[in-house]
Amino acid sequence: MTDLNKLYKQTILEHNRNPRNFGKPESWTHHAEGLNAICGDLVNVYLTIEEDVISSIAYDGESCAISMASASMMTEFIKNRTVKDALEKFELFCQLMAKGSDVKHIDDLAALNHLVTVKKFPSRIKSATLCWHAMAAAINGQATATTE
Amino acid sequence: MTDLNKLYKQTILEHNRNPRNFGKPESWTHHAEGLNAICGDLVNVYLTIEEDVISSIAYDGESCAISMASASMMTEFIKNRTVKDALEKFELFCQLMAKGSDVKHIDDLAALNHLVTVKKFPSRIKSATLCWHAMAAAINGQATATTE
Amino acid sequence: MLNNKNYRDQFPGLHQEVHGKPLVYLDNAATAQRPQVVIDAINDYYVNHNANIHRGVHSLSESATDLYENARKSLAKLLNAPSEKDLIFVRGCTEAVNLVAQTFVRSRVQKGDEILISHLEHHSNIVPWQLLCEQTGAVLKVIPMNDAGELCLEQLDDLLTDKTKFMSVVHVSNALGTINPVKEMVAKAHAKGVPVMLDGAQATPHLKVDVQDLDCDFYTVSGHKMYGPTGSGVLYGKAEHLEAMPPYHGGGEMISKVTFESTVYNAVPAKFEAGTPNIAGGIGLGAAAEFMMSIGLENIEQRDAELKSYAEQALLTVPGLRLVGNAKHKSPVFSFVIDGIHAHDIGTIIDHHGVAIRTGHHCTMPIFQYFGLAGSCRASFAFYNTEAEVDVLVGALKKAIAMFE
Amino acid sequence: MLNNKNYRDQFPGLHQEVHGKPLVYLDNAATAQRPQVVIDAINDYYVNHNANIHRGVHSLSESATDLYENARKSLAKLLNAPSEKDLIFVRGCTEAVNLVAQTFVRSRVQKGDEILISHLEHHSNIVPWQLLCEQTGAVLKVIPMNDAGELCLEQLDDLLTDKTKFMSVVHVSNALGTINPVKEMVAKAHAKGVPVMLDGAQATPHLKVDVQDLDCDFYTVSGHKMYGPTGSGVLYGKAEHLEAMPPYHGGGEMISKVTFESTVYNAVPAKFEAGTPNIAGGIGLGAAAEFMMSIGLENIEQRDAELKSYAEQALLTVPGLRLVGNAKHKSPVFSFVIDGIHAHDIGTIIDHHGVAIRTGHHCTMPIFQYFGLAGSCRASFAFYNTEAEVDVLVGALKKAIAMFE
Ligand SMILES: Cc1ncc(COP(=O)(O)O)c(C=O)c1O
Ligand SMILES: Cc1ncc(COP(=O)(O)O)c(C=O)c1O
């Protein structure tokens with residue numbers, strides 16, 4: 001199977017068909033939008049943080065399949081983690097996806113590791129990390145995260 | 001004799017050694033400075049115009065041998081001409097010296113025709129025409145003439 | 001008739017493989033490929049005439065200056081400008097618009113005055129005016145568009161008010177391909193005494209442009225879009241405006257006399273060309289202009305028309321594909337969306353079939369806000385593209401759709 | 001030790017004849033020759049990676065973007081900048097100075113505030129400040145110089161007043177070769193809270209520059225003077241300044257969101273790089289930086305020192321020749337005048353012996369006003385010049401003198 005098929009078939013399309021935690025919730029405590037300046041991708045991330053725990057998380061926006069699937073995966077993965085833990089996982093995920101780095105797998109990231117195939121399409125790495133930047137921005141009280 | 005020798009030996013150096021009408025006169029009716037923006041050449045031309053005749057003309061400035069010799073020749077040539085005639089000769093001289101033109105001699109210009117050799121050194125054409133632009137500017141009441 | 005095959009051979013960038021497939025380059029509106037003559041002109045300058053221009057008495061500097069100034073003449077011929085002195089070399093259209101905004105327009109507007117642009121503008125012809133409005137208190141007005149992606153010209157007369165100090169509109173839309181009736185628009189603006197700039201970034205690669213016939217006050221050209229080097233372009237301005245305008249950048253070349261107390265500016269166009277310019281770029285752009293004239297703009301226009309009708313029909317056979325913008329007069333540029341698949345995913349997938357298109361908002365966010373879209377896929381053609389390449393595009397799109405099923 | 005012969009071979013522009021004589025290129029301070037690797041890098045982009053950058057998902061656009069961003073990294077390494085994000089690609093030093101004047105400085109000065117420059121500045125570092133002073137009512141102050149062509153540093157503390165909002169000084173003088181003690185000057189300015197820009201146009205071709213060690217707030221680099229393409233250059237700025245500064249040009253790339261009502265700017269450095277940049281130029285400049293690092297700046301500095309002392313001794317054998325400027329620390333640049341012969345005449349005459357020098361005011365009129373001269377002859381060397389070329393220069397000068405006798 002080509003990288004292209006692997007990327008889309010295995011990892012992405014399933015989440016696109018059955019997005020988890022998609023849609024704007026009725027209430028939240030933290031929110032940020034993620035903007036990809038170059039292509040106009042937009043993801044909103046909504047968090048409810050109670051006593052330092054992310055008790056609920058949702059997303060919406062208009063964005064490509066990679067970005068949407070990554071957000072869907074992220075919400076599943078982050079829900080019920082502490083804020084500190086979430087920010088640590090954000091760092092790990094950025095390392096995994098960093099252009100140029102050879103990291104292929106990070107134990108702590110479990111299912112998210114499939115997304116590493118995106119690195120074969122360098123211009124799309126930002127699609128995969130956009131929601132994560134928005135999540136971190138929301139926690140840090142920033143309204144907007146951009147991936148230049 | 002090379003063009004270089006021809007230019008300097010025959011035409012230029014004689015006027016440099018014995019400049020005609022050089023120096024700032026005590027009085028004048030019209031004056032303009034000629035500036036060559038690129039190299040910083042400067043020529044001042046001073047005219048006394050009485051009843052439409054250029055009764056006296058002088059120049060000074062800081063400039064290369066070509067420019068100084070051209071000014072020296074110009075003053076000899078222009079003195080006692082009418083304003084109208086002087087401006088016509090200015091046009092003719094510009095035609096003679098125009099980059100790209102093939103004109104090698106203009107009857108009305110007599111001795112000035114020697115300067116056509118300057119055209120073999122295209123970057124120096126402006127040196128030769130600077131004083132003429134200043135003369136025309138002075139007649140037209142402009143303070144400064146620039147040859148870009 | 002244009003012998004397409006011959007011209008293709010002259011563009012080395014077209015003859016390569018991407019992911020093991022022959023490149024199908026349909027991103028010409030972003031930047032064109034360059035013919036060998038342009039690349040050669042750049043090389044020739046660096047190898048045989050490498051010197052700075054305008055300031056030297058030595059031979060290399062003279063010949064470099066001649067090459068550069070001859071390039072200006074070629075551009076003047078291409079645009080039918082009254083004189084090459086009416087052309088200022090710039091980095092591209094973006095710099096040209098900023099230059100005019102910060103000199104000509106800034107010196108004429110006051111709080112409450114209006115600047116008129118259109119809904120079809122590229123960000124390059126929006127943001128400089130927003131910056132100017134912030135700086136001066138002027139107000140930005142917009143000529144609206146309709147569902148076809150055409151400007152609503154019937155509203156133009158009303159939008160041109162006593163307060164309108166400048167109008168700047170795009171000649172050909174990079175996102176939708178719409179060719180605006182700019183001559184008519186200039187006439188309407190002039191009737192109200194409003195000077196006009198036309199953004200020609202997408203026009204010069206395709207159309208015969210005659211600035212005297214259009215009677216525009218300023219016209220911008222992006223070199224890299226018309227087969228010339230990156231970092232090259234020209235701004236045409238009517239001589240009377242260029243004379244009257246304050247300078248832009250301060251620096252070498254643009255002055256005739258400097259003291260710490262005061263400075264005398266040089267004559268036009270030097271007044272607007274401070275510092276060492278992109279000499280190789282200017283020379284290469286001149287070669288591009290000569291190349292286009294040697295092909296003949298009418299031949300390019302005809303070839304564009306052929307490609308456009310073939311591509312339009314072919315694209316409409318793709319299931320779920322919807323064209324965005326269908327102006328009556330348009331350039332061979334197609335924006336489209338496909339049901340259920342995001343543009344970026346399409347871009348990535350068809351790239352694996354060798355097809356280079358652009359995806360996103362194409363620096364025209366307001367257009368896509370109008371259509372309620374985040375962006376589109378854009379296939380933009382040049383005269384060197386072929387019908388066979390259209391077929392590859394269409395095949396690749398169908399494969400992308402299959403992948404998402 | 002630098003094997004000069006090998007490096008000469010890599011510069012195709014050096015191997016040609018002028019008026020039937022081998023070219024002796026001594027106009028390096030105006031613009032340098034480019035090594036084959038730089039020309040090849042430009043070609044490689046146009047032939048193998050020809051696409052627009054940053055905006056595309058297709059492969060060509062990706063590889064073009066990588067090349068361009070890698071070039072930024074090479075420049076960061078050359079200057080020892082903390083991050084390549086601190087570098088903005090510009091057309092050259094002139095644009096860099098104008099950019100800083102109109103953004104960082106313009107947003108900080110008010111009527112009566114002072115901008116401090118020096119008597120050694122190039123017009124590029126004078127006129128932008130004069131324009132700013134006109135626009136804002138700020139006042140231009142000048143650090144004086146002495147007969148050697150060195151700045152009077154003992155006056156610097158007094159010139160840095162409560163009103164001084166910015167200092168901009170040249171690192172190495174293009175007219176006289178003076179190397180200013182810029183690290184010390186930055187420290188003095190910082191002690192008074194004044195941010196400093198250094199004009200590095202003539203420094204980077206010759207010296208190891210470390211922006212962190214200098215601690216300057218801004219540093220300008222002219223690509224075409226450091227063996228890179230025309231129309232290329234970088235502005236280094238401390239990250240905190242670049243973040244805080246308003247944008248310069250409006251256009252594509254520099255925004256993240258545009259509506260007609262408002263605009264969100266992109267992150268640094270994109271915020272300052274509106275429109276399609278000189279992509280080939282940036283890539284070529286990266287190649288020039290790598291080339292210089294591969295030679296080793298310490299080797300270039302050593303070779304400069306050798307050439308300088310040889311040339312100085314040789315020039316002083318020319319009867320009637322007077323050197324203008326004899327700073328203790330200087331670059332291999334010689335300004336001189338010859339009794340009774342105007343510089344332009346010398347330039348024309350020695351060009352006929354194949355020798356290319358510059359004549360005139362070298363865009364530094366105030367320096368020549370100081371010396372009571374209209375200009376000078378300037379012979380400026382690069383590491384690829386040779387002692388034999390110095391001898392040809394001296395011989396040609398003697399012939400020019402003979403001609404005037
Ligand atoms: C319509 C239009 N205007 C302006 C621009 C900006 O031109 P440049 O890239 O030369 O700055 C572009 C290209 O991006 C364009 O398509
Ligand atoms: C000292 C100095 N500063 C600034 C400049 C202007 O640089 P650029 O040609 O890159 O605009 C030059 C070169 O002309 C220079 O020598």
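Quick note: numbers below take in every heavy atom, side chains included, and nothing from hydrogens, waters or symmetry partners. To find a chain, count down the sequence lines: A is the first, B the second, and so on, and within it residues start at 1. A quick note: this is a predicted structure, and the numbers were derived from the prediction, not measured.
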J.: Given that the side chain runs from C-beta out, which part of H224(D) has a heavy atom under 4.5 Å from chain C: side chain, backbone, both or neither?
T.: side chain
J.: Quick one: of P366(D), G347(D), C363(D), P12(D), who has the most non-hydrogen atom pairs under 4.5 Å with chain C?
T.: P366(D)
J.: Looking at V127(D), I357(D), L99(D), which one has more heavy-atom pairs under 4.5 Å with chain C than the rest?
T.: V127(D)
J.: Heavy-atom distance under 4.5 Å to chain C: side chain of V18(D), backbone, both or neither?
T.: side chain
J.: Answer whether the closest heavy-atom distance between the side chains of L26(C) and L393(C) falls below 4.5 Å.
T.: yes
J.: Highest number of heavy-atom pairs under 4.5 Å with chain C: which of V97(D), V47(D), I350(D), V355(D)?
T.: V47(D)
J.: Under a 4.5 Å cutoff for heavy-atom pairs, which residue among T263(D), T230(D), I117(D) has the most contacts with chain C?
T.: T230(D)
J.: Considering only heavy atoms from C-beta outward, does the side chain of C93(D) approach that of S124(D) to under 4.5 Å?
T.: no
J.: Looking at N50(C), N48(C), T31(C), which one has more heavy-atom pairs under 4.5 Å with chain D than the rest?
T.: N50(C)
J.: Looking only at side-chain N and O atoms, does S168(C) offer a donor or acceptor that is under 3.5 Å from a partner on N125(C)?
T.: yes
J.: Within the structure provided, determine whether Y68(C) and F89(C) are in side-chain contact (heavy-atom separation under 4.5 Å).
T.: yes
J.: Is the shortest side-chain heavy-atom distance between M254(C) and E273(C) below 4.5 Å?
T.: no
J.: Do Q10(C) and Y384(C) come close enough that some side-chain heavy atom pair is under 4.5 Å?
T.: no
J.: Of all of G354(D), S61(D), P229(D), G233(D), which one pairs up most often with chain C through heavy atoms under 4.5 Å apart?
T.: P229(D)
J.: State, without any angle test, whether N52(D) and T276(D) hold a side-chain donor-acceptor pair at a distance under 3.5 Å.
T.: yes
J.: Given side chain to side chain donor-acceptor pair (under 3.5 Å), test Y248(D) with N98(C) step by step and report yes or no.
T.: CA-CA 9 Å; Y248(D) 185 51; N98(C) 280 277; over 6 Å; no
J.: Checking F368(D) against chain C: side chain, backbone, both or neither under 4.5 Å from a heavy atom?
T.: neither
J.: With chain D, which of H15(C), R34(C), Q16(C), H49(C) has the greatest number of heavy-atom pairs at distances under 4.5 Å?
T.: R34(C)
J.: Could you check whether any side-chain heavy atom of H19(D) comes within less than 4.5 Å of a side-chain heavy atom of S59(C), counting everything from C-beta outward?
T.: yes
J.: Name the member of T348(C), L14(C), N43(C), L140(C) that forms the most heavy-atom pairs with chain D at distances under 4.5 Å.
T.: N43(C)
J.: Is I279(C) in contact with chain D via its backbone, its side chain, both, or neither, using a 4.5 Å heavy-atom distance?
T.: both
J.: So, for F11(C) and Y25(C), is the gap between ring centers shorter than 6.0 Å?
T.: no
J.: Can you tell which part of R378(D) gets under 4.5 Å to a heavy atom of chain C, answering side chain, backbone, both or neither?
T.: neither
J.: Among the options E95(C), H122(C), E121(C), Q102(C), pick out the one with the most heavy-atom pairs lying under 4.5 Å from chain D.
T.: E95(C)
J.: May I ask you to decide if I367(D)'s main-chain N or O and T364(D)'s side chain share a donor-acceptor pair within less than 3.5 Å?
T.: no
J.: Quick check on V142(D) against chain C: is it the side chain, the backbone, both or neither that has a heavy atom closer than 4.5 Å?
T.: side chain
J.: Given the options P247(D), A51(D), G281(D), which has more heavy-atom pairs under 4.5 Å with chain C than any of the others?
T.: A51(D)
J.: Using a strict cut-off of less than 4.0 Å between a Lys/Arg side-chain nitrogen and an Asp/Glu carboxylate oxygen, indicate whether K271(C) and E253(C) qualify as a salt bridge.
T.: no
J.: Consider only side-chain N and O atoms of H54(C) and T65(C), and report whether a donor and an acceptor are under 3.5 Å apart.
T.: no
J.: What option among G250(C), G282(C), G231(C) has the most heavy-atom pairs under 4.5 Å with chain D?
T.: G250(C)
J.: Which answer fits I42(C), side chain, backbone, both or neither, if we ask what part of it has an atom under 4.5 Å from a heavy atom of chain D?
T.: side chain
J.: Under a 4.5 Å cutoff for heavy-atom pairs, which residue among A101(C), G252(C), S232(C) has the most contacts with chain D?
T.: G252(C)
J.: Quick one: what part of Y370(C) sits under 4.5 Å from any heavy atom of chain D, side chain, backbone, both or neither?
T.: neither
J.: Quick check on Q33(D) against chain C: is it the side chain, the backbone, both or neither that has a heavy atom closer than 4.5 Å?
T.: both
J.: What part of A32(C) lies closer than 4.5 angstrom to a heavy atom of chain D: side chain, backbone, both or neither?
T.: backbone
